[in-house]
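For clarity, every value in this text was computed on a predicted model and none was experimentally measured. Nothing fancy with the numbering, it's 1 onward along the sequence. Values reported hereafter were calculated over all heavy atoms of this structure, with side chains retained and with hydrogens, waters and symmetry mates removed.
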Amino acid sequence: MQKIYWDLLKKNHEESKRRRIETLFESDESRFRKFSLKIEDLYFDYSKTNIDPITLSNLIKFAENSEIMKNVDAMFNGDKINVTENRSVLHTALRNFQTRNFNNLDLINKKLQVRFKSISNFCNHIRSGKKKSCSGDYFTDVVNIGIGGSELGPKLVTSALSEYHDGPKIHFVSNIDSSDINKIVKKLDPRKTLFVVSSKSFTTIETIYNAKTAIEWVCSKLGSDGMKHFVAVCASKEKALDLGVFEENIFEFEEWVGGRFSVWGPIGLPVMLAIGLNQFSEFLEGASQIDYHFKNEEASKNLPITLALIGFWHSTICNYPSRAILPYETKLQYLPTYLQQLDMESNGKSVNLKGESISYPTAPVIWGQIGTNSQHAFFQFLHQSNQIIPCEFLLGANCIDDGYYEKHHLQLIINCLAQSEALMLGIKKEETFERQRNLHHYCHGNRPSTILVYKQLTPKILGKLLALFEHRTFVEGLLWNVNSFDQWGVELGKKLATKLTEHFNKKNQKQNFSNSTLNLLYEIRKLKNNG
C-alpha cells in the first residue's frame, strides 16, 4: 500500500514540476485558508508550496498508511521504539509527569516529580542566595559545560528568553578548543561562579576535558572547597562522583532521554537558573499543549504531521537537498543550529528499521540564519541560483519590546512576507529582457516556502515551537522508516579519537590508521616541536 502512494506522489511531482505556485491561487481563491492551520496562538501557512489538493490527499494517506498515530501512542506509552538500543523514548514525560493525559507510567511520573522538586529547590536556593559559594558569595555567573544536546537546547532557550532573565548570568562552553573555555573564565570571579557539567554518559571527551580545566582553575584559587561550585547533570552518577562532584550536586536523568530531546529535564538546569521555576514551568506547559494536540488530532489537522509531510515531499519526492530555517527574530539566532542537530542527527540515516539499506534521500541539510541578516548573506543564492531550497520562515506577530520599537517590528514583518512573496513570484524573463536587455535581473521564482507565525516569543510559545519541531522530526523518521533516536555515526568518531590519542601518546603502536592520517599526525608533531 505504501508503494502505491509513494508512486502516486512521484507522479504528482512530475505533473507539478512545470506548474507555477501562483497559478494555484488563481484557480482557487480560498487556497490560503485550505493550506493553512491555526492552533491557538500559532498560525502555519503552507499555501506557497507546489502542493495541490490531490497531492495533499495522497500525502495524508501515505502518513496514515505509515501508522503514524500507532507509533505516536507507542512513544507516549513508553514502548521501546528505539529498536537499535532497545530503549523507550520518553522525553515527553519530562514535561507531562504532572498530568495523566498521556500515558500510564505512574512509577516514572512519581520519580520525575521527586527529581523535579529536588532540582527546583536547588535552583531556588541558588537564585535566592540561600545556597552560597564556598567563600560565602552569591553565585552571579553559571557556566554550562556540555556539547551537542547538552549545550544546543539550553543555549537556544536561554538566548530566546533573554527578556525573562532575572537570575545569574549564563555562559556556555562546549568546544575542546582551549580558547572556548579561556574566553569565558578569564572574565569571571571563581568565588562567584557555578559550573554545570552536563553529559549523559559523563565520558564525552570535550566535556570532561573542559570540566577538569574548570576544576583546576577554581580549586587553584579556592582550594578543595571549590568543588562545591560544581554540579553534574548525567545518567552516570558514579562517573560524576569519580570526577569529584559532591553527591548532593548530582542530578540524574534516564537513558530514555536522548541528548537532543533533553532540554525539558535536568539538562535545562541553566535555563531554570536564568528564568526561574515559574517561567520554566510555562516553557514545559507550552510543550505539553503541543504533545496533547499531536497525540489527539487527526492527520489532516495535525500541525507536526503537516510539517513532516511537507518536509518529506520536498526532500524525498522533489529531491531538494537542503532546508533553510529563517527565524525573523534575533532571539532565535541559535534555532537553525539547534534544528541541524535535531533533524540531521535524528534522521541522517541510510538504513531502515529492519536494518536494510535504503536508496531514497532522508534528512535534508539544515541551515539558516536570522532575518533580516540572512537577506544580506545568502538570499541572493535562494533567489537566483539554479538550486531550489525550500525555506521555512518563523515570525512573531508581536515583539516583547515596548511600543517605541513597533516601527522596527513592522518592518521585520514586511521583510519576511516580502521575501516569501519574492521567492514565489520572482521576476519573469520577458520583464527583465524588456527592461534591461539582459538576464542578470532574472529571478525564476517558483521557490516553495512556509511561514509559521506565533503570537509572541514567550516561554510557553517557545515550548510549543520546540515540541512542534521534535514531533516533526519523529514523524519524518516514520515516513522514511528510520530510527530517529540513535546516532551510531557520532559514536564512530569518538572511538577513533580515543584510539588516536593512545597512538599519539605511544601507548599503543598497533592501531590501524590510514597512511594519510599517520603522516599528517607526524607533520603536526614536527610543527608542535618546532614551535
Side chain to side chain contact (heavy atoms under 4.5 Å, CB included) partners of [X], counting only residues at least two apart:
X	result
T473	L342, D343, S346, N347
A160	L332, L457, L462
E297	H293, K301, N302

Can you tell me if [X] and [Y] form a side-chain donor-acceptor pair at under 3.5 Å?
X	Y	answer
H383	Q419	yes
Y328	Q375	yes
N96	S288	yes
S385	Q387	no

For residues 361-370, which residue pairs pass the side chain to side chain donor-acceptor pair (under 3.5 Å) check, not counting sequence neighbours?
S322-W367
If a pair satisfies side chain to side chain donor-acceptor pair (under 3.5 Å) and one of its residues is in residues 456-465, list it, with sequence neighbours excluded.
E40-K464, D41-K464, Q289-K464
So which atom in [X] and which in [Y] form the shortest heavy-atom distance, rounded to 0.1 Å?
X	Y	value
N319	P361	OD1-CG, 3.4 Å
L273	I170	CB-CD1, 4.4 Å
T207	S199	CG2-CB, 4.1 Å

Who are the salt bridge (Lys or Arg N to Asp or Glu O under 4.0 Å) partners of [X], not counting sequence neighbours?
X	value
R31	none
K17	E14
K494	E491
E329	none

Ring centres under 6.0 Å, that's the criterion: do F469 and Y338 meet it?
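No, the ring centres sit 6.0 Å or more apart.
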Ring-ring centroid check F25 F32, cutoff 6.0 Å:
no
Which of parallel (below 30°), tilted (30 to 60°) and perpendicular (above 60°) describes F294 and H471?
parallel
K10 atom NZ, over 12 foreign heavy atoms within 6.0 Å
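More than 12 within 6.0 Å, yes.
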Report, as yes or no, whether the 6.0 Å neighbourhood of atom CG on D166 holds more than 12 heavy atoms from other residues, nucleotides or ligands.
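For D166, atom CG is crowded (more than 12 foreign heavy atoms under 6.0 Å).
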Exercise answer: donor-acceptor pairs, residues 43-60 side-chain atoms, under 3.5 Å, sequence neighbours excluded:
| residue | atom | partner | partner atom | Å |
| --- | --- | --- | --- | --- |
| Y43 | OH | R33 | NH1 | 3.1 |
| Y43 | OH | S36 | OG | 2.9 |
| D45 | OD1 | S47 | N | 2.9 |
| D45 | OD1 | S47 | OG | 2.6 |
| T49 | OG1 | Y46 | O | 2.9 |
| N50 | OD1 | R19 | NE | 2.9 |
| N50 | OD1 | R19 | NH2 | 2.9 |
| N50 | ND2 | S16 | O | 3.4 |
| N50 | ND2 | R19 | O | 2.8 |
| D52 | OD1 | I54 | N | 3.2 |
| D52 | OD1 | T55 | N | 2.7 |
| D52 | OD1 | T55 | OG1 | 2.8 |
| D52 | OD2 | R19 | NH1 | 2.9 |
| D52 | OD2 | R19 | NH2 | 3.4 |
| N58 | ND2 | N12 | OD1 | 2.9 |
| N58 | ND2 | I54 | O | 3.4 |

As an exercise, state the distance from CG of L394 to SG of C416, rounded to the nearest 0.5 Å.
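It comes to 8.5 Å.
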Name all residues meeting the ring-ring contact (aromatic ring centres under 6.0 Å, His included) criterion together with Y454; count only those two or more places apart in sequence or in a different chain, and write none if there are none.
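ring-ring contact (aromatic ring centres under 6.0 Å, His included) list for Y454, sorted by chain: empty.
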Sorted by chain and residue number, the ring-ring contact (aromatic ring centres under 6.0 Å, His included) partners of Y360 (sequence neighbours excluded) come out as W6
Between N182 (side chain only) and S178 (backbone N and O only), is there a donor and an acceptor less than 3.5 Å apart?
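No, N182 side chain to S178 backbone: no donor-acceptor pair under 3.5 Å.
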